[in-house]
Amino acid sequence: MRKIKAPLFDLRKTLECGQFFNYFEEDGFFFVVDGSNFFIIKQQGQHLYFDGNITEEFLINFFSLDLDYKNMLKEISKDKIIESAIHRSLGLRIINQELFQCMISFICSSASNVPKIKKNILSISKSFGNPVTFKDKQLFLFPLPKQISDLELIKQSSAGFRSKYIYQCSQIATKELLDKIKKTDYSDAKKILMSFNGIGDKVSECICLFSLKFYDAFPVDVWIKRETERLYFKNEIKSKEFITSFFKEYFGHYAGYAQEFLFYSARNEQKPKK
DNA sequence: AGACAGGGGTAGG
DNA sequence: CCTACCCCTGTC
(Lines give C-alpha, C1' and ligand atoms only; values in the text may rest on other atoms or scores of the structure.)
Protein backbone atom coordinates (compact mmCIF):
# COMPACT_ATOMS: atom_id res chain seq x y z
CA MET A 1 0.00 0.00 0.00
CA ARG A 2 1.41 3.38 -0.98
CA LYS A 3 0.73 6.65 0.79
CA ILE A 4 0.58 10.28 -0.30
CA LYS A 5 -0.39 13.52 1.37
CA ALA A 6 -3.54 15.18 0.06
CA PRO A 7 -4.50 18.34 1.91
CA LEU A 8 -7.70 20.17 0.99
CA PHE A 9 -9.06 16.98 -0.50
CA ASP A 10 -12.15 14.95 0.35
CA LEU A 11 -12.12 11.58 -1.40
CA ARG A 12 -15.72 10.70 -0.67
CA LYS A 13 -17.15 14.01 -1.84
CA THR A 14 -14.98 13.89 -4.95
CA LEU A 15 -16.13 10.40 -5.94
CA GLU A 16 -19.75 10.73 -4.89
CA CYS A 17 -20.61 14.15 -6.29
CA GLY A 18 -21.85 12.77 -9.59
CA GLN A 19 -18.91 13.44 -11.93
CA PHE A 20 -17.59 9.86 -11.95
CA PHE A 21 -19.40 6.54 -12.11
CA ASN A 22 -16.92 3.67 -12.30
CA TYR A 23 -16.25 2.80 -8.67
CA PHE A 24 -17.69 0.94 -5.72
CA GLU A 25 -17.01 0.96 -2.00
CA GLU A 26 -16.10 -2.24 -0.18
CA ASP A 27 -13.97 -3.38 2.77
CA GLY A 28 -13.34 0.24 3.71
CA PHE A 29 -11.87 1.09 0.33
CA PHE A 30 -13.06 2.62 -2.88
CA PHE A 31 -12.35 0.41 -5.91
CA VAL A 32 -11.88 2.73 -8.89
CA VAL A 33 -11.58 1.95 -12.60
CA ASP A 34 -10.62 4.68 -15.06
CA GLY A 35 -10.14 3.36 -18.58
CA SER A 36 -7.49 0.66 -18.26
CA ASN A 37 -6.32 1.90 -14.86
CA PHE A 38 -7.59 0.45 -11.60
CA PHE A 39 -6.83 1.08 -7.96
CA ILE A 40 -8.15 0.87 -4.43
CA ILE A 41 -7.96 3.92 -2.26
CA LYS A 42 -8.93 5.23 1.14
CA GLN A 43 -8.43 8.46 2.98
CA GLN A 44 -7.31 8.94 6.56
CA GLY A 45 -7.08 12.57 7.54
CA GLN A 46 -4.79 14.30 5.07
CA HIS A 47 -3.37 11.06 3.69
CA LEU A 48 -4.39 8.75 0.89
CA TYR A 49 -3.53 5.05 0.93
CA PHE A 50 -3.70 3.38 -2.44
CA ASP A 51 -2.67 0.40 -4.51
CA GLY A 52 -3.19 -0.56 -8.13
CA ASN A 53 -1.66 -0.47 -11.60
CA ILE A 54 -1.07 3.28 -11.34
CA THR A 55 1.69 5.67 -10.40
CA GLU A 56 1.54 8.42 -7.84
CA GLU A 57 1.68 10.92 -10.72
CA PHE A 58 -1.44 9.35 -12.21
CA LEU A 59 -3.30 9.73 -8.93
CA ILE A 60 -2.23 13.36 -8.54
CA ASN A 61 -3.45 14.14 -12.03
CA PHE A 62 -6.64 12.09 -11.67
CA PHE A 63 -7.78 13.90 -8.52
CA SER A 64 -6.17 17.25 -9.53
CA LEU A 65 -4.14 17.20 -6.33
CA ASP A 66 -1.62 19.53 -7.99
CA LEU A 67 -4.20 22.28 -8.36
CA ASP A 68 -3.58 25.35 -6.19
CA TYR A 69 -6.87 24.86 -4.36
CA LYS A 70 -6.71 27.95 -2.17
CA ASN A 71 -6.02 30.16 -5.15
CA MET A 72 -8.92 28.58 -7.03
CA LEU A 73 -11.23 29.21 -4.07
CA LYS A 74 -10.07 32.80 -3.92
CA GLU A 75 -10.82 33.33 -7.59
CA ILE A 76 -14.41 32.08 -7.40
CA SER A 77 -15.32 33.51 -3.97
CA LYS A 78 -17.39 36.33 -5.40
CA ASP A 79 -20.19 36.45 -2.83
CA LYS A 80 -21.77 34.91 0.27
CA ILE A 81 -23.81 32.42 -1.74
CA ILE A 82 -20.87 30.67 -3.33
CA GLU A 83 -18.87 30.93 -0.11
CA SER A 84 -21.59 29.02 1.68
CA ALA A 85 -21.65 26.37 -1.05
CA ILE A 86 -17.86 26.06 -0.85
CA HIS A 87 -18.04 25.68 2.90
CA ARG A 88 -20.40 22.74 2.55
CA SER A 89 -18.41 20.97 -0.13
CA LEU A 90 -14.84 21.80 0.81
CA GLY A 91 -12.35 19.24 -0.43
CA LEU A 92 -14.32 18.40 -3.54
CA ARG A 93 -12.02 18.32 -6.55
CA ILE A 94 -12.70 17.84 -10.22
CA ILE A 95 -11.57 14.48 -11.56
CA ASN A 96 -9.61 14.16 -14.81
CA GLN A 97 -11.14 11.03 -16.25
CA GLU A 98 -10.10 8.96 -19.21
CA LEU A 99 -11.82 10.55 -22.20
CA PHE A 100 -13.69 7.66 -23.80
CA GLN A 101 -15.11 6.38 -20.50
CA CYS A 102 -16.17 9.93 -19.72
CA MET A 103 -17.93 10.29 -23.08
CA ILE A 104 -19.87 7.06 -22.66
CA SER A 105 -20.70 7.88 -19.03
CA PHE A 106 -22.23 11.23 -19.90
CA ILE A 107 -24.02 9.88 -22.96
CA CYS A 108 -25.65 7.57 -20.42
CA SER A 109 -26.44 10.50 -18.12
CA SER A 110 -29.13 12.15 -20.20
CA ALA A 111 -32.54 11.94 -18.53
CA SER A 112 -31.06 9.52 -16.02
CA ASN A 113 -29.64 9.41 -12.51
CA VAL A 114 -26.46 8.39 -10.75
CA PRO A 115 -27.34 4.81 -9.69
CA LYS A 116 -28.59 4.00 -13.16
CA ILE A 117 -25.53 5.46 -14.90
CA LYS A 118 -23.29 3.41 -12.61
CA LYS A 119 -25.24 0.32 -13.52
CA ASN A 120 -24.95 1.06 -17.26
CA ILE A 121 -21.18 1.59 -17.00
CA LEU A 122 -20.62 -1.57 -14.98
CA SER A 123 -22.71 -3.62 -17.36
CA ILE A 124 -20.88 -2.28 -20.44
CA SER A 125 -17.56 -3.03 -18.75
CA LYS A 126 -18.65 -6.59 -17.96
CA SER A 127 -19.85 -7.16 -21.51
CA PHE A 128 -16.90 -5.66 -23.37
CA GLY A 129 -14.00 -4.88 -21.01
CA ASN A 130 -11.05 -7.07 -20.07
CA PRO A 131 -11.45 -8.80 -16.71
CA VAL A 132 -8.90 -8.27 -13.94
CA THR A 133 -8.64 -9.94 -10.56
CA PHE A 134 -7.46 -7.45 -7.97
CA LYS A 135 -7.52 -7.79 -4.17
CA ASP A 136 -9.77 -10.84 -4.52
CA LYS A 137 -12.27 -8.82 -6.48
CA GLN A 138 -13.29 -9.27 -10.10
CA LEU A 139 -12.92 -5.96 -11.92
CA PHE A 140 -13.46 -5.09 -15.57
CA LEU A 141 -11.40 -2.51 -17.37
CA PHE A 142 -13.40 0.02 -19.32
CA PRO A 143 -13.42 -1.19 -22.94
CA LEU A 144 -11.60 0.51 -25.78
CA PRO A 145 -13.92 1.95 -28.46
CA LYS A 146 -13.23 -0.92 -30.85
CA GLN A 147 -14.17 -3.46 -28.18
CA ILE A 148 -17.74 -2.13 -28.09
CA SER A 149 -19.12 -3.45 -31.36
CA ASP A 150 -22.37 -5.27 -30.62
CA LEU A 151 -25.47 -3.12 -30.44
CA GLU A 152 -27.64 -5.90 -29.07
CA LEU A 153 -25.21 -6.47 -26.22
CA ILE A 154 -25.12 -2.75 -25.47
CA LYS A 155 -28.89 -2.81 -25.20
CA GLN A 156 -28.59 -5.40 -22.44
CA SER A 157 -26.91 -2.79 -20.28
CA SER A 158 -30.34 -1.10 -19.95
CA ALA A 159 -29.04 2.04 -21.60
CA GLY A 160 -32.31 2.26 -23.50
CA PHE A 161 -32.47 4.88 -26.24
CA ARG A 162 -28.85 5.79 -25.47
CA SER A 163 -27.65 2.37 -26.71
CA LYS A 164 -27.45 3.47 -30.33
CA TYR A 165 -25.47 6.57 -29.30
CA ILE A 166 -23.00 4.38 -27.41
CA TYR A 167 -22.67 2.15 -30.44
CA GLN A 168 -22.14 5.04 -32.88
CA CYS A 169 -19.72 6.76 -30.53
CA SER A 170 -17.63 3.60 -30.27
CA GLN A 171 -17.49 3.31 -34.06
CA ILE A 172 -16.37 6.90 -34.57
CA ALA A 173 -14.06 7.41 -31.56
CA THR A 174 -10.78 6.12 -32.96
CA LYS A 175 -7.61 6.63 -30.98
CA GLU A 176 -6.62 9.33 -33.46
CA LEU A 177 -9.83 11.27 -32.91
CA LEU A 178 -9.64 10.93 -29.13
CA ASP A 179 -6.05 12.19 -29.21
CA LYS A 180 -7.09 15.09 -31.37
CA ILE A 181 -9.82 16.07 -28.89
CA LYS A 182 -7.27 15.94 -26.06
CA LYS A 183 -4.85 18.21 -27.88
CA THR A 184 -7.16 20.89 -29.18
CA ASP A 185 -8.65 23.95 -27.44
CA TYR A 186 -11.94 24.28 -25.58
CA SER A 187 -14.20 25.52 -28.36
CA ASP A 188 -12.81 23.10 -30.92
CA ALA A 189 -13.02 20.16 -28.52
CA LYS A 190 -16.60 21.09 -27.78
CA LYS A 191 -17.44 21.26 -31.48
CA ILE A 192 -16.00 17.80 -32.12
CA LEU A 193 -17.75 16.35 -29.08
CA MET A 194 -21.09 17.81 -30.12
CA SER A 195 -20.78 16.21 -33.53
CA PHE A 196 -21.43 12.87 -31.80
CA ASN A 197 -25.04 11.75 -31.58
CA GLY A 198 -26.09 11.78 -27.95
CA ILE A 199 -23.62 14.50 -26.99
CA GLY A 200 -25.29 17.88 -26.87
CA ASP A 201 -24.47 21.12 -25.11
CA LYS A 202 -24.68 19.99 -21.50
CA VAL A 203 -22.96 16.63 -21.97
CA SER A 204 -20.11 18.22 -23.93
CA GLU A 205 -19.59 20.75 -21.14
CA CYS A 206 -19.35 17.87 -18.65
CA ILE A 207 -16.75 16.10 -20.77
CA CYS A 208 -14.73 19.30 -21.16
CA LEU A 209 -14.80 19.79 -17.40
CA PHE A 210 -14.33 16.22 -16.15
CA SER A 211 -11.88 14.91 -18.71
CA LEU A 212 -10.18 17.75 -20.56
CA LYS A 213 -9.30 20.14 -17.71
CA PHE A 214 -11.28 23.04 -19.16
CA TYR A 215 -12.18 24.41 -15.76
CA ASP A 216 -14.14 27.27 -17.23
CA ALA A 217 -16.75 24.85 -18.62
CA PHE A 218 -20.08 25.34 -16.84
CA PRO A 219 -22.60 22.53 -17.44
CA VAL A 220 -26.17 23.68 -16.82
CA ASP A 221 -28.56 20.88 -15.92
CA VAL A 222 -31.95 21.23 -14.28
CA TRP A 223 -30.37 21.22 -10.81
CA ILE A 224 -27.99 24.05 -11.56
CA LYS A 225 -30.73 25.91 -13.37
CA ARG A 226 -33.13 25.68 -10.42
CA GLU A 227 -30.45 26.38 -7.85
CA THR A 228 -28.96 29.45 -9.56
CA GLU A 229 -32.42 30.86 -10.33
CA ARG A 230 -33.31 30.47 -6.67
CA LEU A 231 -30.07 31.79 -5.20
CA TYR A 232 -29.09 34.49 -7.67
CA PHE A 233 -32.24 35.59 -9.53
CA LYS A 234 -35.10 35.57 -6.98
CA ASN A 235 -36.62 32.48 -8.62
CA GLU A 236 -37.00 34.23 -11.96
CA ILE A 237 -36.84 31.80 -14.88
CA LYS A 238 -33.68 32.25 -16.94
CA SER A 239 -32.65 30.44 -20.10
CA LYS A 240 -29.83 27.93 -19.95
CA GLU A 241 -27.88 30.08 -22.38
CA PHE A 242 -28.20 33.09 -20.12
CA ILE A 243 -27.13 31.11 -17.04
CA THR A 244 -24.12 29.67 -18.85
CA SER A 245 -22.81 32.97 -20.14
CA PHE A 246 -23.60 34.87 -16.95
CA PHE A 247 -21.71 32.52 -14.64
CA LYS A 248 -18.79 31.91 -16.96
CA GLU A 249 -18.27 35.64 -16.93
CA TYR A 250 -19.04 36.01 -13.22
CA PHE A 251 -16.82 33.23 -11.86
CA GLY A 252 -14.15 33.32 -14.55
CA HIS A 253 -11.43 30.77 -15.14
CA TYR A 254 -12.64 28.33 -12.45
CA ALA A 255 -16.36 28.64 -13.20
CA GLY A 256 -16.55 24.84 -13.42
CA TYR A 257 -15.43 24.50 -9.83
CA ALA A 258 -18.08 27.01 -8.77
CA GLN A 259 -20.61 24.92 -10.65
CA GLU A 260 -19.53 21.76 -8.82
CA PHE A 261 -19.78 23.45 -5.41
CA LEU A 262 -23.26 24.78 -6.19
CA PHE A 263 -24.30 21.40 -7.59
CA TYR A 264 -22.98 19.40 -4.65
CA SER A 265 -24.50 21.85 -2.22
CA ALA A 266 -27.90 21.71 -3.92
CA ARG A 267 -27.94 17.92 -4.07
CA ASN A 268 -26.86 17.62 -0.47
CA GLU A 269 -29.60 19.94 0.66
CA GLN A 270 -32.14 17.79 -1.13
CA LYS A 271 -31.01 14.64 0.67
CA PRO A 272 -29.17 15.66 3.84
CA LYS A 273 -28.72 12.02 4.83
CA LYS A 274 -26.06 10.60 2.56
C1' DA B 1 -50.48 -4.26 -5.73
C1' DG B 2 -50.41 -2.08 -10.27
C1' DA B 3 -50.43 2.14 -12.97
C1' DC B 4 -48.07 6.33 -13.85
C1' DA B 5 -45.11 10.31 -14.08
C1' DG B 6 -40.72 12.11 -14.47
C1' DG B 7 -35.65 12.08 -14.47
C1' DG B 8 -28.51 15.63 -14.05
C1' DG B 9 -30.72 15.66 -22.12
C1' DT B 10 -30.82 15.12 -27.05
C1' DA B 11 -32.19 14.62 -31.91
C1' DG B 12 -35.54 15.24 -35.05
C1' DG B 13 -39.90 16.96 -36.43
C1' DC C 1 -39.79 25.37 -29.90
C1' DC C 2 -41.76 20.87 -28.60
C1' DT C 3 -41.78 15.76 -28.01
C1' DA C 4 -40.52 11.09 -27.96
C1' DC C 5 -37.12 8.35 -26.32
C1' DC C 6 -35.72 3.35 -22.87
C1' DC C 7 -35.55 2.13 -18.35
C1' DC C 8 -35.79 2.66 -13.44
C1' DT C 9 -37.65 4.38 -9.28
C1' DG C 10 -40.68 6.72 -6.27
C1' DT C 11 -45.41 7.71 -5.45
C1' DC C 12 -50.34 7.44 -5.60
Side-chain angles (χ1 to χ4, degrees), chain A residues 13-23 85 88-89 92 94-95 97 101-127 148 150-173 189-211 214 217-232 237-244 247-248 255-274:
Chain A
K13 284 177 188 166
T14 297
L15 284 174
E16 291 184 347
C17 73
Q19 60 176 323
F20 186 77
F21 308 96
N22 206 351
Y23 71 92
R88 300 159 67 169
S89 35
L92 173 56
I94 288 172
I95 288 178
Q97 313 177 32
Q101 176 177 314
C102 187
M103 290 167 70
I104 299 299
S105 297
F106 283 93
I107 284 173
C108 289
S109 76
S110 71
S112 189
N113 51 64
V114 172
K116 191 165 164 242
I117 301 164
K118 287 176 79 167
K119 198 182 144 191
N120 296 150
I121 293 302
L122 180 61
S123 177
I124 287 168
S125 302
K126 280 182 177 171
S127 293
I148 304 180
D150 182 344
L151 181 57
E152 291 311 308
L153 202 48
I154 297 170
K155 286 181 179 167
Q156 288 175 30
S157 72
S158 321
F161 65 85
R162 306 159 197 87
S163 297
K164 58 181 179 292
Y165 301 146
I166 295 168
Y167 178 76
Q168 291 169 1
C169 178
S170 305
Q171 299 288 302
I172 299 168
K190 188 163 166 165
K191 260 180 234 157
I192 300 173
L193 288 169
M194 284 186 63
S195 72
F196 286 82
N197 262 335
I199 301 182
D201 193 48
K202 188 267 174 182
V203 167
S204 65
E205 288 285 287
C206 286
I207 299 166
C208 284
L209 185 58
F210 303 135
S211 181
F214 294 123
F218 195 89
V220 178
D221 53 47
V222 302
W223 286 88
I224 283 295
K225 187 167 182 297
R226 278 197 295 257
E227 188 72 348
T228 53
E229 284 166 352
R230 182 174 74 84
L231 293 172
Y232 284 92
I237 303 297
K238 302 286 179 190
S239 73
K240 284 189 169 187
E241 293 72 26
F242 173 83
I243 293 171
T244 306
F247 286 108
K248 280 191 182 210
Y257 261 97
Q259 189 271 9
E260 280 302 287
F261 291 132
L262 290 168
F263 183 78
Y264 183 91
S265 187
R267 299 287 302 230
N268 229 265
E269 200 168 293
Q270 186 73 13
K271 38 172 187 179
K273 171 85 199 84
K274 177 69 218 296

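Just so it is clear: chains get the letters A, B, ... in the order the sequence lines come, proteins before strands, and each one is counted from 1.
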(request) Please name all residues satisfying side-chain contact (heavy atoms from CB on, under 4.5 Å) with A/V222, sequence neighbours left out, ordered by chain then number. (result)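 So A/V222 forms a side-chain contact (heavy atoms from CB on, under 4.5 Å) with A/R226.
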
(request) Could you list the residues that satisfy side-chain contact (heavy atoms from CB on, under 4.5 Å) with A/A189, not counting sequence neighbours? (result)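 For A/A189, the residues satisfying side-chain contact (heavy atoms from CB on, under 4.5 Å) (neighbours in sequence not counted) are A/I181, A/T184, A/L212, A/F214.
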
To the nearest Å, how far apart are [X] [atom1] and [N] [atom2]?
X      : N      : atom1 : atom2 : value
A/I166 : B/dG9  : CD1   : P     : 17 Å
A/D201 : B/dA11 : CG    : P     : 10 Å
A/F161 : B/dG9  : CZ    : P     : 11 Å

(request) Considering only heavy atoms of chain A and a distance under 4.0 Å, specify the first and last nucleotide of DNA chain C in 5' to 3' order that meet this criterion. (result)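 Contacts span C/dC5 to C/dC8, reading 5' to 3'.
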
Taking the side chain from [X] and the backbone from [Y], do they hold a donor-acceptor pair closer than 3.5 Å?
X      : Y      : value
A/S105 : A/Q101 : yes
A/S265 : A/L262 : no
A/S123 : A/K119 : no
A/Y165 : A/I199 : no

Not counting sequence neighbours, which residues clear side chain to side chain donor-acceptor pair (under 3.5 Å) with [X]? List them please.
X      : result
A/Q168 : A/N197
A/K240 : none
A/Y232 : A/D79

If the [atom1] atom of [N] is compared with that of [M], how far apart are they to the nearest Å?
N      : M     : atom1 : result
B/dA5  : C/dA4 : P     : 12 Å
C/dT11 : B/dG8 : P     : 14 Å
B/dG13 : C/dC6 : P     : 15 Å

(request) Can you run through DNA chain C from 5' to 3' and write each base as (, ), [, ], | or . depending on how it pairs? Watson-Crick or G-U wobble, both distances under 3.5 Å. (result) |||||.||||||

(request) For residues 194-208 of chain A, pull every pair meeting salt bridge (charged side-chain N to carboxylate O under 4.0 Å, His left out), keeping only residues two or more places apart or in separate chains. (result)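 Matches after skipping sequence neighbours: A/K190-A/D201, A/K190-A/E205, A/E205-A/K248.
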
(request) Scan for salt bridge (charged side-chain N to carboxylate O under 4.0 Å, His left out) pairs involving residues 155-166 of chain A, sequence neighbours excluded, and state none if there are none. (result)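 Passing the test, one end in residues 155-166 of chain A: A/E152-A/K155.
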
(message) Please determine whether the number of non-hydrogen atoms from other residues, nucleotides or ligands lying under 6.0 Å from atom NZ of A/K126 exceeds 12.
(response)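 Incorrect, the count does not exceed 12.
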
(message) Within the 4.0 Å heavy-atom criterion, would you say A/K164 contacts the bases, only the backbone, or no part of the nucleic acid?
(response)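 Touches nothing.
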
(request) Describe the nucleic acid contact of A/K119 in one word from base, sugar-phosphate, nothing, applying a heavy-atom distance below 4.0 Å. (result)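 The residue A/K119 makes sugar-phosphate contact but no base contact.
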
(request) Could you identify which residues of residues 190-199 of chain A place a heavy atom less than 4.0 Å from some atom of DNA chain B, listed by residue number, or say none? (result)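 Hits under 4.0 Å, by residue number: A/F196, A/N197, A/G198, A/I199.
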
Sub-3.5 Å pairs of nitrogen or oxygen atoms, protein against nucleotides 6-8 of chain B:
unit_1: B/dG8; atom_1: OP2; unit_2: A/W223; atom_2: NE1; d: 3.1
unit_1: B/dG8; atom_1: N7; unit_2: A/R267; atom_2: NH1; d: 2.8
unit_1: B/dG8; atom_1: N1; unit_2: A/G18; atom_2: O; d: 3.2
unit_1: B/dG8; atom_1: N2; unit_2: A/G18; atom_2: O; d: 3.3

(message) Among residues at least two apart in sequence or on other chains, which ones pass salt bridge (charged side-chain N to carboxylate O under 4.0 Å, His left out) with A/R88?
(response)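 A/R88: salt bridge (charged side-chain N to carboxylate O under 4.0 Å, His left out) contacts with A/E269.
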
